[in-house]
Q: 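Take a look at the following structure, please.
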Amino acid sequence: MNKVDLSVDLNGLKLKNPITVASGTFGFGREFDDYIDLNSLGGIMVKGLTLKERKGNPVPRVAETPMGMLNSVGLQNPGVQYFIKKELPFLKEYDTKVIANINGNTIEEYCEIADILSKTSVDSLELNISCPNVKEGGVSFGRDPEMVYKVTKKVREYADKHLIVKLSPNVTDIKEVAVAAEKAGADCLSLINTLIGMSIDIDREVTILARGMGGLSGPAIKPVAVRMVYEVFNAVSIPIIGMGGIMNDKDAIEFLLAGATAISIGTGNLINPTVSMDVLDGIEKHLNKKGYKSIEDIKGKVMVPSK
């Protein structure tokens, strides 16, 4: 094969290749260290972090679906200070970008955790705005473009790091939310987060998840995710990390064609721990077959025949 340039630039965050792993599906990296060489990844989005330790939601909090899974884990994590002391040193031993996924119940909490992590060696912050806003009566930050602008702009003041904003698909118009995040100072966008779903045990006549609803991920959401990446690519000028149901290299290439600069694998990691390496190899082979020299050659190249 000819040499293909697999490196990508996410508006200042440079990755050796476009493969990242999605927050909440890869732990803090060490959980997959026996399966793949972490040095081979472009970046690792670590498990979602909060200011203090969180125990998460009651069980059952994971349910299998015909084309994916539902989860209502509830951001179980050991807290940001534990991550800094115990997990970050391990991750920095590897030649891969460390992206810290940050969460909060209020804008103030988001700002505080962004400020703390900005003083560390993490390479980027991923702002997860799908969490409830306690001060606004439990409304998710990510569903309202004005709120997205407000929280992103405020966090930008405290985030002395590359800033990715992770978008929720549970909105009327994903383009409006993306534009709001860009205007507020986001360096990059990641999309999509999980869709809201429910599964019911018909014999017991109760929901399978203890809290009723959860986030749907896996192959079932891929067409929605690809469409949203395509729409956002044509609405903003900042890079996109595409995710949602990527199980193989063909899925990943769809996202690149739709406009993503990089991709992130989530549920696929739980089924095949080496899927990220399979996807990377497949992308390189596809680019070679097409005669492309870099990821930029394929990004956003999809055509809609009837247009």
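Side-chain atoms are counted along with the backbone in the values below, which use heavy atoms only and exclude waters and symmetry mates. No experiment lies behind these values; they were computed from the predicted model shown.
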Q: Is any side-chain heavy atom of V279 closer than 4.5 Å to a side-chain heavy atom of S276?
A: no
Q: Is L125 close to N101 at the side-chain level, that is, under 4.5 Å between some pair of heavy atoms?
A: no
Q: I'd like to check L167 versus I192 (side-chain heavy atoms, cut-off strictly below 4.5 Å). Are they in contact?
A: no
Q: For the atom pair OG1 (T50) and CD (E112), what is the distance rounded to the nearest 0.5 Å?
A: 11.5 Å
Q: Are any non-hydrogen side-chain atoms of T20 and I44 less than 4.5 angstrom apart?
A: no
Q: Work out which heavy atom in S40 is nearest to a heavy atom in L280; give both atom names and the distance.
A: O-CD2, 3.9 Å
Q: With salt bridge (Lys or Arg N to Asp or Glu O under 4.0 Å) as the test, would you mind laying out the steps for K293 and D5 before giving the verdict?
A: CA-CA 6 Å; K293 303 299 182 184; D5 182 7; over 6 Å; no
Q: Would N57 and S72 count as having a side-chain donor-acceptor pair, cut-off 3.5 Å?
A: yes
Q: Rounded to the nearest 0.5 Å, what separates atom CD1 in I221 from atom OG1 in T65?
A: 10.0 Å
Q: Counting only heavy atoms not in E53, do more than 12 fall under 6.0 Å of its CD?
A: yes
Q: If you define the side chain from C-beta out and look only at heavy atoms, does anything of D201 sit under 4.5 Å from E205?
A: no
Q: Around atom CZ of R211, are there more than 12 heavy atoms from other residues, nucleotides or ligands closer than 6.0 Å?
A: no
Q: Is a donor on one side and an acceptor on the other found under 3.5 Å between the side chain of T96 and the backbone of L41?
A: yes
Q: Can you tell me how far OG of S237 sits from CD of E182, rounded to the nearest 0.5 angstrom?
A: 4.0 Å
Q: Taking atom CG of L256 and atom CD1 of I283, what is their separation to the nearest 0.5 Å?
A: 5.0 Å
Q: So that I can tick it off, tell me whether R156 and D187 are bridged by a salt bridge, with the cut-off set at under 4.0 angstrom between side-chain N and carboxylate O.
A: yes
Q: Which heavy atom in A262 sits nearest to a heavy atom in L15, and how many Å separate them?
A: CB-CD1, 4.5 Å
Q: Give a yes or no on whether a salt bridge exists between E108 and K154, defined as a side-chain N under 4.0 angstrom from a carboxylate O.
A: no
Q: How about NZ on K301, more than 12 heavy atoms from neighbouring residues, nucleotides or ligands closer than 6.0 Å, or not?
A: no
Q: Who are the ring-ring contact (aromatic ring centres under 6.0 Å, His included) partners of F83, not counting sequence neighbours?
A: F28
Q: Any side-chain heavy-atom pair from L287 and I298 closer than 4.5 angstrom?
A: yes
Q: Can you find a pair of side-chain heavy atoms, one from C188 and one from I238, that are under 4.5 Å apart?
A: no
Q: Is the distance between the ring centroids of Y110 and Y158 under 6.0 Å?
A: no
Q: Measure the OG-CG distance between S130 and L75 for me, rounded to the nearest 0.5 Å.
A: 10.0 Å
Q: Does CE belonging to M198 count more than 12 external heavy atoms closer than 6.0 Å?
A: yes
Q: Run the side chain to side chain contact (heavy atoms under 4.5 Å, CB included) test against D9 and tell me which residues pass, sequence neighbours left out.
A: K14
Q: Take D144 and K150, measure what salt bridge (Lys or Arg N to Asp or Glu O under 4.0 Å) needs, and give me the verdict at the end.
A: CA-CA 10 Å; D144 176 11; K150 184 177 180 181; over 6 Å; no
Q: Working to the nearest 0.5 Å, report the span between CD of Q81 and CG of L49.
A: 10.5 Å
Q: Does the pair K250 and E254 meet the rule for a salt bridge (Lys or Arg N to Asp or Glu O under 4.0 Å), with working shown?
A: CA-CA 6 Å; K250 292 180 180 179; E254 281 193 55; over 6 Å; no
Q: Taking the side chain as C-beta and beyond, is there a heavy-atom pair between K166 and N193 under 4.5 Å?
A: yes
Q: Strictly below 4.0 Å, N to O, side chains only: are K119 and D160 in salt-bridge contact?
A: no
